[in-house]
Protein chains: 2
Amino acid sequence: MIINGENLAFKLNDKMYHCALDITMDFIGGKWKCVVLWYLKSGKLRFTEIRHYMPEITEKMLSIQLKALEKDGLIERKVYGNKPPIRVEYMLSAFGRTIIPVIDAIAKWGRELGERNGVLVNIDQSKIADYRL
Amino acid sequence: MIINGENLAFKLNDKMYHCALDITMDFIGGKWKCVVLWYLKSGKLRFTEIRHYMPEITEKMLSIQLKALEKDGLIERKVYGNKPPIRVEYMLSAFGRTIIPVIDAIAKWGRELGERNGVLVNIDQSKIADYRL
DNA sequence: CGGCATCCGCAGCGATACTG
DNA sequence: CAGTATCGCTGCGGATGCCG
């Protein structure tokens with residue numbers, strides 16, 4: 001961020017940022033975070049369910065991403081039972097729900113680009129919402 | 001993307017994607033791209049000018065990012081003169097302008113988070129647009 | 001079931017120096 | 001002025017195996 005020709009950096013949660021975009025990208029950047037948030041938009045999901053929606057991610061990476069999202073306050077984690085098999089559910093927090101418009105904007109642009117290139121034309125649009133494009 | 005329990009992957013420009021979010025993030029993801037786009041929103045800028053707005057980036061990384069953005073069709077590059085010192089200007093393409101709403105959504109969320117945490121309170125909001133927060 | 005531990009390759013990124 | 005070239009590091013992310 002430039003104010004009167006000066007570089008202005010600022011700190012938030014012990015991290016340095018140089019502009020507002022950096023803040024958001026720190027929360028949803030990387031290869032997986034915003035996809036996880038996208039799937040959690042519709043409701044709570046268990047670890048295995050998220051994996052099922054994202055077969056490309058490894059368990060390790062999903063675990064890391066979920067932990068990061070929880071630390072950032074975007075999602076909440078609830079454990080049911082104390083002996084394996086246990087049951088863990090993830091859902092958006094109130095704070096996490098504030099970022100939905102951003103996720104939606106990102107998804108919308110990508111979807112429209114895909115449509116313009118004929119990638120998604122043979123998919124009934126009404127089913128996309130149902131099936132979590 | 002999951003349709004009826006099946007994982008559906010699709011190709012666009014020789015790259016594989018699994019959901020619409022992946023497409024957009026491929027265009028604006030990473031540490032620098034969306035910041036460059038943010039600065040180019042207001043008009044054309046020269047290489048050195050962008051560097052001036054982003055003192056944290058090295059010339060090498062800026063060069064790489066600009067090349068990637070140009071290859072993706074988001075920005076246009078114009079060269080004036082043929083002997084050094086030459087003059088190069090970068091600006092959003094028509095296609096690049098379609099992504100402005102996404103960039104704005106990202107910036108808005110980050111700015112609001114900063115404001116809620118008192119980071120930007122002493123900056124006149126009317127000046128933020130002028131000075132390219 | 002929902003993880004964590006370990007090993008490892010490679011891309012991302014930085015610093016510095018050089019150039020048409 | 002607007003970049004390359006080179007070197008080197010760091011850590012993201014993948015693969016595999018183990019565990020309460």
Side-chain angles (χ1 to χ4, degrees), chain A residues 7 9 14-19 21-22 25-36 39-40 44-72 75-91, chain B residues 7 9 14-19 21-22 25-36 39-40 44-72 75-91:
Chain A
N7 180 35
D14 282 333
K15 291 178 183 172
M16 291 302 303
Y17 298 99
H18 293 87
C19 76
L21 293 146
D22 287 339
M25 293 306 281
D26 199 32
F27 279 84
I28 64 169
K31 194 175 179 181
W32 305 111
K33 281 184 183 173
C34 65
V35 182
V36 173
Y39 285 124
L40 288 177
K44 53 184 65 169
L45 286 175
R46 299 176 61 178
F47 187 87
T48 313
E49 290 174 325
I50 303 177
R51 274 228 65 194
H52 177 243
Y53 287 123
M54 304 169 63
E56 329 86 51
I57 196 173
T58 62
E59 292 178 351
K60 173 192 161 186
M61 290 316 298
L62 179 55
S63 177
I64 291 175
Q65 304 306 320
L66 288 169
K67 208 173 293 180
L69 290 169
E70 188 192 4
K71 186 188 171 195
D72 284 341
I75 66 174
E76 287 166 6
R77 181 178 185 272
K78 282 184 187 169
V79 184
Y80 299 93
N82 45 10
K83 295 203 174 180
I86 57 175
R87 174 193 188 86
V88 181
E89 283 180 354
Y90 294 92
M91 57 182 294
Chain B
N7 181 34
D14 282 334
K15 290 180 186 173
M16 292 302 303
Y17 297 100
H18 294 86
C19 77
L21 292 147
D22 287 339
M25 292 307 280
D26 199 32
F27 279 84
I28 64 167
K31 193 174 177 180
W32 305 112
K33 280 183 184 175
C34 65
V35 181
V36 173
Y39 286 124
L40 287 177
K44 52 184 68 168
L45 286 176
R46 300 176 62 176
F47 186 88
T48 314
E49 290 173 327
I50 303 176
R51 273 229 64 195
H52 178 242
Y53 287 122
M54 304 170 62
E56 330 86 53
I57 198 173
T58 62
E59 291 177 352
K60 171 190 163 187
M61 290 314 299
L62 180 56
S63 177
I64 291 174
Q65 305 306 321
L66 288 169
K67 211 172 290 182
L69 290 169
E70 188 192 5
K71 185 188 172 196
D72 285 339
I75 66 173
E76 286 166 5
R77 179 177 186 273
K78 281 184 188 167
V79 184
Y80 300 93
N82 46 9
K83 296 205 173 180
I86 57 175
R87 174 192 188 88
V88 181
E89 283 180 352
Y90 294 92
M91 57 181 296

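Note that this is a predicted model, so its numbers are computed, not measured.
The residue A:Lys31 sits close only to the backbone: its heavy atoms come under 4.0 Å of sugar-phosphate atoms, none of a base. Looking at heavy-atom distances under 4.0 Å, B:Arg51 makes no contact with the nucleic acid at all. Residue A:Tyr90 is in sugar-phosphate contact alone, with no base atom involved, counting any heavy-atom pair closer than 4.0 Å across all strands shown.
Taking atom CD1 on A:Ile75 and atom P on C:dG2, their separation rounds to 14 Å, with Å as the unit. Protein atom CG of A:Asp26 is 15 Å distant from nucleotide atom C1' of D:dG11, rounded to whole Å. Whole-Å rounding puts the A:Ile57 CD1 to D:dG13 C1' distance at 10 Å. For the pair B:Leu62 CG and C:dT16 C1', the interatomic distance rounds to 17 Å; values are reported in whole Å. In this structure, the CE atom of B:Met54 is 16 Å from the P atom of D:dA2, given to the nearest Å. As rounded to whole Å, 17 Å separates atom P of D:dC1 from atom CG of B:Leu66. The distance between atom NZ of B:Lys33 and atom C1' of C:dC13, rounded to the nearest whole Å, is 14 Å. Here D:dC1 presents its P atom at 15 Å from CD1 of B:Ile50, a figure rounded to the nearest Å.
Of the candidate nucleotides C:dC13, D:dA2, C:dG3, C:dG3 has the atom lying nearest to any side-chain atom of A:Phe47. Of the candidate nucleotides C:dC4, D:dG13, D:dT4, D:dG13 has the atom nearest to the side chain of A:Lys60. Here the nucleotide nearest the side chain of B:Met61, chosen from D:dG13, D:dG3, C:dG14, is C:dG14. Of the candidates C:dG2, D:dC7, C:dA5, C:dG2 carries the atom nearest the A:Arg46 side chain, counting heavy atoms from C-beta on. Side-chain atoms of A:Glu59 lie closest to C:dG3 of the nucleotides D:dG3, C:dG3, C:dC7. The side chain of B:Trp32 has C:dG14 as its nearest neighbour among C:dG14, D:dG13, D:dA2.
Between A:Tyr90 and A:Ile50 the shortest heavy-atom distance is CD1-CD1, 4.2 Å. When all heavy atoms of A:Ile86 and A:Arg46 are compared, the closest pair comes out as O-NH2, 4.1 Å. Across A:Arg51 and A:Ile57, no two heavy atoms sit closer than the pair NH2-O, 2.8 Å.
Under the 4.5 Å side-chain criterion, counting only non-hydrogen atoms from C-beta, B:Lys44 is not in contact with B:Glu49. In this structure, the side chains of A:His18 and B:Tyr53 stay at 4.5 Å or more apart for every pair of heavy atoms.
Of the two residues contacting DNA chain C, namely A:Ile86 and A:Ile64, the nearest-nucleotide position lying further toward the 5' end is that of A:Ile86.
At least one side-chain nitrogen or oxygen of B:Ser63 sits closer than 4.0 Å to the OP1 or OP2 atom of D:dT4. Residue B:Thr48 has a polar side-chain atom (N or O) positioned under 4.0 Å from OP1 or OP2 of D:dA2. Contact annotation: A:Arg77 side-chain N/O to C:dG3 OP1/OP2 distance is under 4.0 Å.
A donor-acceptor contact shorter than 3.5 Å links the side chain of A:Lys33 to the backbone of A:Asp26.
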